[in-house]
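A short write-up of the structure that comes next.
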There are 4 protein chains.
Amino acid sequence: MPKIVDKAAMREAILQAALLVFQAKGYHAARMSDVATEAGLAKGTLYLYFASKEEMTAALAEGYFREIELRFMPEQPAESLDEFIEGLRTALSFGEEEARSIPVFFEVFGPSFTTDAFSQQVSKFFETLGECYGEHLSHLQTKGALSKQHNPSQLGRALAAMLDGLVLHRGLFGVPTERYVAMVDSALLLFRAGLSPAHD
Amino acid sequence: MPKIVDKAAMREAILQAALLVFQAKGYHAARMSDVATEAGLAKGTLYLYFASKEEMTAALAEGYFREIELRFMPEQPAESLDEFIEGLRTALSFGEEEARSIPVFFEVFGPSFTTDAFSQQVSKFFETLGECYGEHLSHLQTKGALSKQHNPSQLGRALAAMLDGLVLHRGLFGVPTERYVAMVDSALLLFRAGLSPAHD
Amino acid sequence: MPKIVDKAAMREAILQAALLVFQAKGYHAARMSDVATEAGLAKGTLYLYFASKEEMTAALAEGYFREIELRFMPEQPAESLDEFIEGLRTALSFGEEEARSIPVFFEVFGPSFTTDAFSQQVSKFFETLGECYGEHLSHLQTKGALSKQHNPSQLGRALAAMLDGLVLHRGLFGVPTERYVAMVDSALLLFRAGLSPAHD
Amino acid sequence: MPKIVDKAAMREAILQAALLVFQAKGYHAARMSDVATEAGLAKGTLYLYFASKEEMTAALAEGYFREIELRFMPEQPAESLDEFIEGLRTALSFGEEEARSIPVFFEVFGPSFTTDAFSQQVSKFFETLGECYGEHLSHLQTKGALSKQHNPSQLGRALAAMLDGLVLHRGLFGVPTERYVAMVDSALLLFRAGLSPAHD
DNA sequence: GATGAATGAGAATTCATTCAT
DNA sequence: TATGAATGAATTCTCATTCAT
């Protein structure tokens with residue numbers, strides 16, 4: 001299966017090049033020839049690995065979301081509020097390089113994209129993430145580690161949206177890392193205080 | 001005597017048509033002729049009111065942001081935590097029609113847009129909104145209506161991002177209004193609990 | 001018939017404006033609205049006086065050629081070589097303002113112009129001018145005032161072309177008046193020497 | 001392996017097609033698609049060889065002027081009046097095909113053309129040609145082969161303009177070759193007589 | 001007559017995709 | 001498999017002309 005390995009590696013290399021180009025020029029402004037040049041290939045060669053610009057972009061997005069899921073989806077429910085909060089902090093921590101990809105997906109997931117399959121994929125992801133957070137919060141509530149006033153399910157989905165807000169603002173507006181970290185700290189401090197059952 | 005037209009009204013009507021078309025097809029896929037048809041005009045007529053597609057979009061965005069500012073920027077600092085929270089609730093309440101505009105601006109503000117003047121405009125807006133929230137929080141803190149553990153300035157900016165997250169998720173993923181309201185309720189409940197000085 | 005007088009005057013005024021605009025921007029780049037503005041009229045008004053841009057240009061050209069004919073066509077045959085030469089000098093003497101019109105007609109008479117009626121009109125003009133010069137030369141030859149080695153008819157046409165060359169170069173390349181006058185002097189000196197029967 | 005094409009040859013072929021189309025319809029009326037069709041190519045292909053219609057035209061003009069220069073610029077000063085005159089005759093002799101290009105350049109060099117770089121190029125050419133003739137005339141004068149009454153420098157420039165007049169009239173007004181040759185003969189006869197020092 | 005808003009045919013140019021080599 | 005020349009559909013914007021007022 002060496003050919004398959006090559007093919008996969010080539011696809012990966014092309015996607016890497018595509019991401020760079022998309023970051024630099026934006027999806028719509030990026031030409032396939034730019035991607036080819038960046039990848040050190042000829043234009044036509046791209047089509048041996050991807051049927052179209054759209055399919056290429058879909059593959060790029062898929063990879064992106066696999067990573068996102070890995071970071072945001074906690075494997076195991078937190079056993080304490082602190083643990084839950086720290087899990088969020090970890091999820092929200094990512095490098096500057098990765099932050100630069102955000103605008104790309106911001107653009108690609110918009111309605112501009114021919115198929116709205118992406119939009120739905122992302123929608124589903126946040127739905128799932130919200131449910132996941134909901135379950136964890138529910139678990140914490142059961143253990144008395146979370147104020148009873150909260151509705152875990154709804155709060156979980158809201159949390160997912162709010163965290164995404166933080167992430168997006170970093171990526172879209174180029175918030176410096178230091179500033180972003182301070183924002184995350186503030187938000188998590190607020191969350192902890194608000195979630196705490198201390199004075200139910 | 002020539003036909004007498006209310007230039008401003010015509011611009012408004014064209015922008016209305018443009019928004020509809022952009023909502024339906026996305027900014028990039030929308031052709032000027034689509035906008036013209038929707039507005040019941042000929043292609044060329046659009047150019048009597050806007051120099052280019054880009055300028056038209058800029059005008060659209062400007063109007064959008066004027067409205068956004070009106071809704072989000074509290075005129076006066078809240079005098080109590082409840083008042084502050086209710087202010088946020090009001091800001092977060094908007095109709096379904098308006099929610100449909102969000103993807104349009106999501107697309108337009110991306111790097112795809114030729115001039116990044118928009119991106120900067122939006123960036124600036126959230127910076128200002130963050131500062132505004134920061135001042136209000138600071139005011140509340142001074143009055144003892146806000147837990148002392150929070151840094152008003154940083155939390156203000158984080159709040160702006162998180163609220164934007166809620167709004168964007170509604171608009172982008174078509175969250176039904178009812179569901180959205182529940183999410184907002186959850187979030188505001190969390191905020192109130194977290195901000196409360198009750199047990200400093 | 002006051003209306004007719006007005007109409008003619010208006011046409012004249014519009015043509016004047018058109019000439020200015022054409023001089024400044026060139027025929028193709030000049031828009032009807034430019035002409036209207038220059039004439040202090042509305043676009044639509046032009047069409048009350050000229051059926052189209054083309055007809056307007058035709059009228060402009062016609063006026064131009066009437067003037068040209070007046071200057072170049074000698075009314076009476078010269079009775080001496082000197083008189084003939086001085087007639088040419090007079091024809092070749094025209095103001096800077098008029099020189100600025102040359103490029104306009106240069107452009108308009110080209111094949112770009114939809115109808116080639118102009119081209120033919122000009123062609124005919126030079127044919128006639130050539131014949132005219134031919135007759136005068138023949139007359140001089142009969143009187144012994146012109147070297148017998150020349151063929152009046154052919155030389156007449158050649159003369160017309162060569163004088164046009166001088167005129168065109170002045171207009172097209174912006175030769176300063178002083179320089180142009182020197183060129184004309186040189187050419188006429190050459191003509192006189194060449195035409196002289198002195199040593200047949 | 002990609003198709004191998006001789007880029008220079010392709011450009012040449014396209015220019016050839018463009019010239020034909022321009023001759024037939026005029027520069028302004030000619031569409032890029034006309035040129036493409038004439039060249040047996042698709043519209044887009046033209047843009048692989050020329051960045052724009054303007055650049056294509058510039059290339060066409062450049063080639064034209066290279067040829068013109070070759071024909072008109074005498075390599076070596078004439079050693080006798082006869083030789084000088086014969087040099088002019090050679091320069092003025094060109095085929096009918098070439099005569100058909102004249103209107104194209106007549107149109108292109110007008111003020112209609114966006115950049116007036118051409119206009120200046122042509123202006124410069126005739127300036128140089130005039131100087132060149134001036135020097136040769138001066139040389140002849142020194143040798144006593146030219147009447148002392150002439151100012152070589154001024155006459156040189158005037159000569160350039162007058163010869164251009166002959167050439168232009170042939171091209172623009174479709175003077176039949178035979179007729180044109182007769183005109184040239186007449187003109188050269190006149191020049192020789194006028195330049196001759198015979199009776200200073 | 002005068003106006004200028006509206007029209008829409010038309011043209012240059014771009015770029016994803018194909019395919020001969 | 002790799003190439004990059006060729007393709008042509010698609011889109012923005014212009015401007016001569018029309019016509020309701």
Side-chain angles (χ1 to χ4, degrees), chain A residues 3 6-7 10 28-37 39-57 114, chain B residues 1-7 10 28-37 39-56, chain C residues 3 6-7 10 28-37 39-57 114, chain D residues 1-7 10 28-37 39-56:
Chain A
K3 289 229 168 184
D6 278 354
K7 188 134 189 163
M10 194 65 135
H28 282 95
R31 284 162 289 149
M32 287 298 267
S33 67
D34 295 327
V35 175
T37 302
L41 297 170
K43 236 182 322 170
T45 309
L46 299 184
Y47 288 85
L48 298 176
Y49 296 93
F50 297 99
S52 66
K53 188 183 184 186
E54 187 171 333
E55 199 208 279
M56 195 182 79
T57 310
T114 329
Chain B
M1 247 181 316
K3 228 169 286 187
I4 286 165
V5 285
D6 182 339
K7 195 132 187 162
M10 194 67 151
H28 281 95
R31 285 162 292 144
M32 285 301 264
S33 68
D34 294 327
V35 175
T37 302
L41 297 170
K43 237 183 321 166
T45 309
L46 300 184
Y47 289 88
L48 297 179
Y49 295 92
F50 299 98
S52 64
K53 187 182 184 185
E54 186 170 333
E55 200 206 277
M56 195 182 79
Chain C
K3 289 230 167 182
D6 281 352
K7 189 134 190 164
M10 194 68 133
H28 281 96
R31 284 161 292 150
M32 287 298 266
S33 68
D34 294 327
V35 176
T37 301
L41 296 171
K43 236 183 319 169
T45 309
L46 299 183
Y47 288 85
L48 298 176
Y49 296 91
F50 297 99
S52 65
K53 188 183 185 186
E54 186 170 333
E55 199 209 277
M56 195 181 80
T57 309
T114 330
Chain D
M1 247 184 313
K3 228 169 287 185
I4 285 167
V5 286
D6 182 338
K7 194 132 187 161
M10 194 66 148
H28 282 96
R31 287 163 290 146
M32 286 299 266
S33 68
D34 295 327
V35 176
T37 302
L41 297 170
K43 237 181 320 169
T45 310
L46 300 184
Y47 289 88
L48 297 178
Y49 296 92
F50 299 98
S52 64
K53 188 183 183 184
E54 187 169 333
E55 200 205 279
M56 195 181 80

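Numbers restart at 1 for each chain; the letters A, B, ... are given by sequence-line order, proteins then strands. Not measured: the values here are computed from a predicted model.
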Both distances below 3.5 Å, Watson-Crick or wobble geometry, any strand: find the nucleotide opposite E:dG4.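 WC or wobble partner is F:dC19.
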
Is E:dA12 paired to anything, Watson-Crick or G-U wobble with both distances less than 3.5 Å, and if yes, which nucleotide?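 Partner of E:dA12: F:dT11.
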
Counting just side-chain N and O atoms, does [X] come under 4.0 Å of either OP1 or OP2 of [N]?
X	N	result
C:Lys43	E:dG4	no
C:Tyr47	E:dA2	no
D:Tyr49	F:dA6	yes
B:Thr45	E:dA5	no

Validation row: B:Thr37, B:Asp34 side chains within 4.5 angstrom (heavy atoms):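 Result no, sub-4.5 Å side-chain heavy-atom pair not found.
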
Minimum side-chain heavy-atom gap C:Leu41-C:Met10 below 4.5 Å: yes

To the nearest angstrom, how far is [X] atom [atom1] from [N] atom [atom2]?
X	N	atom1	atom2	answer
D:Leu46	F:dT7	CG	P	9 Å
C:Leu48	F:dT18	CG	P	12 Å
C:Glu55	F:dT17	CD	P	10 Å
B:Lys53	F:dA10	NZ	C1'	12 Å
A:Met10	F:dT1	CE	C1'	9 Å
C:Asp6	E:dA2	CG	C1'	14 Å
B:His28	E:dC15	NE2	P	12 Å
A:Arg31	E:dT13	CZ	P	16 Å

Base, sugar-phosphate, or nothing for C:Met56, non-hydrogen atoms under 4.0 angstrom? nothing

For B:Ala30, answer base if it contacts any base atom (sugar-phosphate contacts may also be present), sugar-phosphate if it contacts only those atoms, and nothing otherwise; contact means non-hydrogen atoms under 4.0 Å. sugar-phosphate

Nucleotide nearest B:Ala42 when distance is taken to its side chain, options F:dC13, E:dG8, F:dT17: E:dG8

Which nucleotide sits closest to the side chain of A:Leu41: F:dT3, F:dT12, E:dA2? F:dT3

Rounded to the nearest 0.5 Å, what separates atom NZ in C:Lys53 from atom CE in C:Met56? 7.5 Å

Nearest-0.5 Å distance, OH of residue A:Tyr49 to CD of residue A:Glu55: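 Separation between the atoms: 13.5 Å.
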
Correct closest heavy-atom pair for C:Ala42 and C:Ala36 would be C-CB, 3.8 Å

Specify the closest pair of heavy atoms between A:Met32 and A:Leu46, including all atoms of both residues, with the distance to one decimal. O-CD1, 3.4 Å

Mapping B:Ser52 and C:Ser33 to their closest nucleotides on DNA chain F, which lands nearer the 5' end? B:Ser52

Could you say whether D:Met32 or C:Gly40 is positioned toward the 5' end of DNA chain E, judged by the nucleotide with the nearest heavy atom to each?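 Counting from the 5' end, the first nearest nucleotide belongs to C:Gly40.
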
Using heavy-atom distances to pick each residue's nearest nucleotide on DNA chain E, tell me which of D:Gly44 and C:Gly44 is more 5'.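 It is C:Gly44, whose closest nucleotide lies nearer the 5' terminus.
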
